[in-house]
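First comes the structure, then the notes that go with it.
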Amino acid sequence: MKKAFLALVLLCPALLLTSCTSRNEFFVASQGSDSNPGTRAKPFATITKAKDAVREALEKNGIADITVWISGGTYHIDSPLLFNPEDSGNDTTRITYRALPGHTPVISGGVELKNWEEGPDGIWSAPLPESFSSFAPRELFINRKRAVRARTPNEGFLRIKKAGKDKRTSFYYENGDFSVPENPEDVEIVLLHDWSISRIKVKEIDPGEKEITALDSIGAKGLDFFTIDNWEPHPRYYLENSATFLDAENEWFCDESEKTVYLKPPAGTRPGETAVTIPFSGGLMLIQGTVEQPVRNIHFEGITFSHCSWQLPKNGYSGIQATQYDPRPDREQWAVVEAAVQTAWADNCSFRDCEFSQLGGSGLWLGVGNKNCLVTGSLFSDISGNGIMIGEGRDRGIEGEPWWKASPEQAAVGNRIENCTVTDCGKQFFGAIGIWCGLTAETIISGNEISNLPYTGISVGWMWDPQPTPCRDNRIEGNHIHHILQVLSDGGGIYMLGLQPNSRLVNNHIHDVKINAGRAESNGMFLDEGSTDLLIADNLIYNIARSPLRFHKATTNLVRGNYLFCSGDNPPIRYNSTKEKDIRKQDNHIFREADEDYSSRLKQIRDEWDKAGENN
């Protein structure tokens with residue numbers, strides 16, 4: 001028997017590598033080849049090929065776990081990697097796609113611009129790749145740093161002089177606000193509402209009347225209060241995407257008719273000597289199971305996901321909340337800015353020590369039907385939409401009835417976001433959330449740092465009254481949330497909606513919510529319509545533009561043991577259309593800016609808080 005086996009090894013070493021052993025490891029390297037056997041010495045070139053090898057291995061008996069080791073380098077894709085139930089594990093089989101130790105593999109949906117030519121005024125140009133025949137890029141990155149789509153003003157905002165007659169399709173501007181562009185139909189209006197924005201193309205600009213008319217209605221059509229001047233008589237706006245506005249370093253503009261990109265790089269730098277990347281792929285990864293057969297036990301470790309595009313609807317983007325928007329043409333349910341990496345009907349899957357960055361839509365969406373999935377130790381940065389999304393809203397129907405009534409068991413349950421860093425999201429869509437959860441249950445959001453956001457840090461719930469839904473037992477614990485609500489208002493470090501029995505907001509550290517830009521308040525926590533059965537305990541909240549806590553149309557909740565530092569004459573808790581007696585308060589510690597020991601007490605408690613965090 002030993003002689004026969006030795007003869008087999010001598011006669012077919014390649015066969016031994018691919019068939020004669022039980023393969024539970026595969027290797028991928030950017031310099032490999034998909035004709036290789038996927039060994040350490042002869043790795044595959046693509047993750048797709050490794051996925052095929054895993055699927056083949058899963059068909060064999062006796063394999064417990066399978067690992068795909070991925071070396072450093074960039075793995076370019078032009079469409080999302082798709083993982084189906086056939087690619088996943090089960091109760092005993094764990095499938096892991098893992099970076100080799102010390103390596104950083106990047107899955108990129110981007111294309112590098114080349115063949116740059118220098119023009120006048122320090123502006124360079126390069127042709128769009130042929131793959132961009134049907135759309136133009138909305139983002140451009142120089143050495144992995146987001147450049148600015150040419151805009152006016154270069155910083156800050158303009159103010160509308162007066163809304164047009166219908167308060168939806170036009171407005172008037174002040175003389176001298178901007179130089180009228182040669183091709184106004186290329187220009188995009190970016191108009192800020194209190195907690196969301198609209199991005200609509202210009203139809204025409206009348207220099208005589210000083211009037212801008214939009215291609216379609218500004219603001220969500222289905223909601224009457226989304227008129228141009230509902231929140232402020234002179235709301236903020238700016239104009240984007242014109243060669244006329246290309247006047248500052250790191251600005252760029254794409255001429256769709258010429259299929260050419262124009263860039264004004266920093267003085268002394270030359271495009272081509274630095275990597276200039278535009279996103280192409282409309283997604284990077286899709287993990288797609290079914291109700292009957294979810295994707296199970298598949299894991300990703302140490303992988304970076306970058307450069308994903310997301311295109312505006314034809315008639316523009318009118319945000320409603322948390323990047324859900326009013327779709328055009330009209331339809332009943334809201335749409336959402338989709339994520340680079342999406343999962344649906346996934347069970348016990350995870351992303352560990354990954355990075356999601358330089359993305360045109362949102363980052364990661366643990367979507368419909370996801371259960372017991374984990375995201376830990378990962379970075380979410382420089383993202384146009386939401387950082388992380390969990391579950392879904394109210395709109396999906398099952399046989400004519402909302403899913404949460406017809407099949408509440410389909411709610412996302414038991415998902416966890418732990419020890420992640422979420423920063424610089426909402427780069428295009430300012431109403432984005434760091435971590436958003438819809439009608440979810442048993443969600444744990446713990447130990448994360450969330451910062452530098454234009455709007456809210458964490459948002460949970462998606463029902464604007466206290467009627468029962470599957471939303472329950474959610475825990476937001478031990479998060480550090482700071483420097484948020486930097487552009488919009490009417491939000492908070494934590495934002496809650498609806499009835500959420502046995503949900504807890506405890507031991508969170510929230511500070512530096514200093515801008516209150518719109519009509520409504522910016523708060524440490526905003527417990528909005530229908531917020532019910534919440535425990536808000538042992539949180540530290542300070543440096544807030546308005547009240548540390550605000551309830552709006554809320555019912556019964558318990559506020560206990562919190563440290564609330566109040567600026568100016570703001571009360572520690574604001575009650576908007578909420579009965580104060582319904583908010584039970586126990587053992588809270590209130591500090592007012594006028595108190596002599598305000599600063600010393602804040603420092604003492606903050607130091608104690610930081611020390612306790614280090615010990616944990």
Side-chain angles (χ1 to χ4, degrees), residues 157 159-173 188-203 211-237 312-337 393-397 402 429-433 436 438-439 455-456 459 461-467 469 487-491 495-498 516-522 526-531 550-554 576-578:
F157 305 94
R159 288 280 182 176
I160 286 174
K161 181 179 181 180
K162 185 178 69 171
K165 186 176 180 180
D166 65 2
K167 299 190 176 186
R168 284 287 191 168
T169 57
S170 71
F171 60 86
Y172 296 90
Y173 60 91
E188 195 167 285
I189 303 164
V190 184
L191 190 141
L192 279 59
H193 313 289
D194 254 30
W195 64 81
S196 66
I197 70 167
S198 291
R199 281 183 170 271
I200 307 289
K201 276 198 168 185
V202 168
K203 182 178 181 181
E211 183 178 17
I212 298 178
T213 301
L215 180 65
D216 200 357
S217 176
I218 295 172
K221 291 182 178 180
L223 298 168
D224 293 339
F225 52 81
F226 268 104
T227 53
I228 289 173
D229 59 356
N230 177 60
W231 288 277
E232 298 179 272
H234 309 288
R236 296 170 293 164
Y237 78 101
L312 260 63
K314 182 179 178 181
N315 286 3
Y317 167 90
S318 291
I320 298 172
Q321 190 166 324
T323 77
Q324 303 226 13
Y325 64 92
D326 176 17
R328 314 280 174 93
D330 297 333
R331 71 181 195 198
E332 289 186 6
Q333 67 184 58
W334 298 346
V336 64
V337 174
R394 306 177 300 176
D395 290 340
R396 181 170 63 91
F429 309 104
F430 302 148
I433 310 292
W436 176 86
L439 299 178
Y455 184 53
T456 286
S459 176
W462 207 242
M463 183 65 69
W464 283 260
D465 57 55
Q467 67 175 298
T469 72
V487 178
L488 301 179
S489 58
D490 206 13
Y495 175 88
M496 305 293 283
L497 273 173
N516 198 81
R519 185 178 71 179
E521 290 192 10
S522 297
F526 182 17
L527 301 314
D528 203 0
E529 298 186 45
S531 289
R550 173 162 63 112
F551 292 90
H552 177 232
K553 295 185 179 180
N576 298 144
S577 302
T578 299

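All values below were derived from every heavy atom in this structure, side-chain atoms included, with hydrogens, water molecules and symmetry-related copies excluded.
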Pi-cation contact, Tyr172 with Lys162 (under 6.0 Å, within 45°):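 So Lys162 does make the cation-pi contact.
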How far apart are the closest heavy atoms of [X] and [Y], and which atoms are they?
X	Y	result
Ser217	Thr169	CA-CG2, 4.1 Å
Glu232	Pro235	O-CD, 3.3 Å
Ala214	Ile189	CB-CD1, 4.0 Å
Gly491	Thr456	CA-OG1, 3.4 Å
Ile197	Leu192	CG2-CG, 4.0 Å
Tyr455	Ser489	CE1-O, 3.2 Å

Tyr237 ring center within less than 6.0 Å of Tyr173 ring center: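 No, the ring of Tyr173 stays outside the 6.0 Å limit from the ring of Tyr237, centre to centre.
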Residues Leu223, Ile320; criterion side-chain contact (heavy atoms from CB on, under 4.5 Å); working and verdict: CA-CA 9 Å; Leu223 298 168; Ile320 298 172; 3.8 Å; yes
side-chain contact (heavy atoms from CB on, under 4.5 Å) between Ile160 and Ile228, worked out: CA-CA 9 Å; Ile160 286 174; Ile228 289 173; 3.7 Å; yes
Aromatic plane relationship, Trp462 with Trp436 - under 30° parallel, 30 to 60° tilted, over 60° perpendicular: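 Taking Trp462 first and then Trp436, their aromatic rings stand perpendicular (interplane angle over 60°).
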Looking at [X] and [Y], would you say the former's side chain and the latter's main chain have a donor-acceptor pair under 3.5 Å?
X	Y	result
Asp194	Arg519	yes
His552	Glu529	no
Arg550	Glu521	yes
Asp528	Leu497	no
Asp326	Lys221	yes
Ser196	Gly319	yes
Arg168	Phe226	yes

For the [atom1] atom of [X] and the [atom2] atom of [Y], what is their distance to the nearest 0.5 Å?
X	Y	atom1	atom2	value
Lys553	Ser531	NZ	OG	12.5 Å
Lys314	Lys201	NZ	NZ	11.0 Å
Leu527	Asn576	CG	CG	11.0 Å

Side chain to side chain, [X] and [Y], heavy atoms closer than 4.5 Å:
X	Y	value
Val487	Phe157	yes
Pro402	Arg394	no
Phe171	Lys161	no

Intermediate values then yes/no, side-chain contact (heavy atoms from CB on, under 4.5 Å), Ile200 and Ser318: CA-CA 8 Å; Ile200 307 289; Ser318 291; 3.8 Å; yes
Verdict with reasoning, Arg199 to Glu188, per salt bridge (Lys or Arg N to Asp or Glu O under 4.0 Å): CA-CA 6 Å; Arg199 281 183 170 271; Glu188 195 167 285; 2.7 Å; yes
Ring pair (Phe, Tyr, Trp, His ring centres under 6.0 Å) partner of Tyr317, chosen from Phe430, Trp334, Phe429: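 It is Phe429, the one option of Phe430, Trp334, Phe429 that forms the ring pair (Phe, Tyr, Trp, His ring centres under 6.0 Å) with Tyr317.
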Derivation and outcome, side-chain contact (heavy atoms from CB on, under 4.5 Å), residues Arg159 and Arg236: CA-CA 5 Å; Arg159 288 280 182 176; Arg236 296 170 293 164; 3.4 Å; yes
Worked verdict on His193 versus Ser198 for side chain to side chain donor-acceptor pair (under 3.5 Å): CA-CA 8 Å; His193 313 289; Ser198 291; 3.0 Å; yes
